[in-house]
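A short worksheet on the structure shown next.
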Amino acid sequence: QVQLVESGGGLVQSGGSLRLSCAASERTLSIATWGWFRQAPGKGRTFVARITSSGGSTDYADSVKGRFTISRDNAKNTVYLQMNSLTPDDTAVYYCGAGLGFGVYSSATNYPYWGQGTQVTVSS
């Protein structure tokens, strides 16, 4: 079973940047999609970005387009989320998920593997 560990969260001022990392315990050919989701207090887990394992295609939520960039380093089994121009609305626990490529990529239910989450807090 793939284990994921996120890191890189923290407290940052509005307009600042953070880079999140998601390290996988092993490389598995069954993982087709890597996704970042976030969950604010009292809300559900929502899609942020995803990248495919094969061609590196990316997709983003409208709220983060132009500010966030997802990337991957296959040699390190690691996926990154570079977050720029952060605002207080970006405050949430950020989760990394690994999916098998079935179903809608923006739905959390299609990701069987998850990390423990990392807190991102943006102060105004």
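Keep in mind that what you see is a predicted model, and the values were worked out from it rather than measured. Below, each value reflects all heavy atoms present in this structure, side chains not excepted, and no hydrogens, waters or symmetry copies.
Annotation: side chain to side chain donor-acceptor pair (under 3.5 Å) contacts of Arg19 (sequence neighbours excluded): none. For Pro112, the side-chain contact (heavy atoms from CB on, under 4.5 Å) test picks out Leu100, with sequence neighbours left out. In this structure, Thr118 has no side chain to side chain donor-acceptor pair (under 3.5 Å) partners at least two apart in sequence or on a different chain. For Tyr94, the ring-ring contact (aromatic ring centres under 6.0 Å, His included) test picks out no residue, with sequence neighbours left out. Partners of Trp36 under the side chain to side chain donor-acceptor pair (under 3.5 Å) rule, at least two apart in sequence or in another chain, do not exist in this structure. Among residues two or more places apart in sequence or in another chain, the salt bridge (charged side-chain N to carboxylate O under 4.0 Å, His left out) test is passed with Arg50 by Asp59. In this structure Tyr105 satisfies the ring-ring contact (aromatic ring centres under 6.0 Å, His included) test together with Phe47, sequence neighbours excluded. For Asp89, there are no side chain to side chain donor-acceptor pair (under 3.5 Å) partners, not counting sequence neighbours.
Residue pairs meeting the salt bridge (charged side-chain N to carboxylate O under 4.0 Å, His left out) criterion with at least one member in residues 94-112: none, sequence neighbours excluded. Under the salt bridge (charged side-chain N to carboxylate O under 4.0 Å, His left out) criterion, no residue pair touches residues 72-83, with sequence neighbours excluded. For residues 91-115, no pair satisfies salt bridge (charged side-chain N to carboxylate O under 4.0 Å, His left out), with sequence neighbours left out. The salt bridge (charged side-chain N to carboxylate O under 4.0 Å, His left out) analysis of residues 36-49, with sequence neighbours excluded, yields the pairs Arg38-Asp90.
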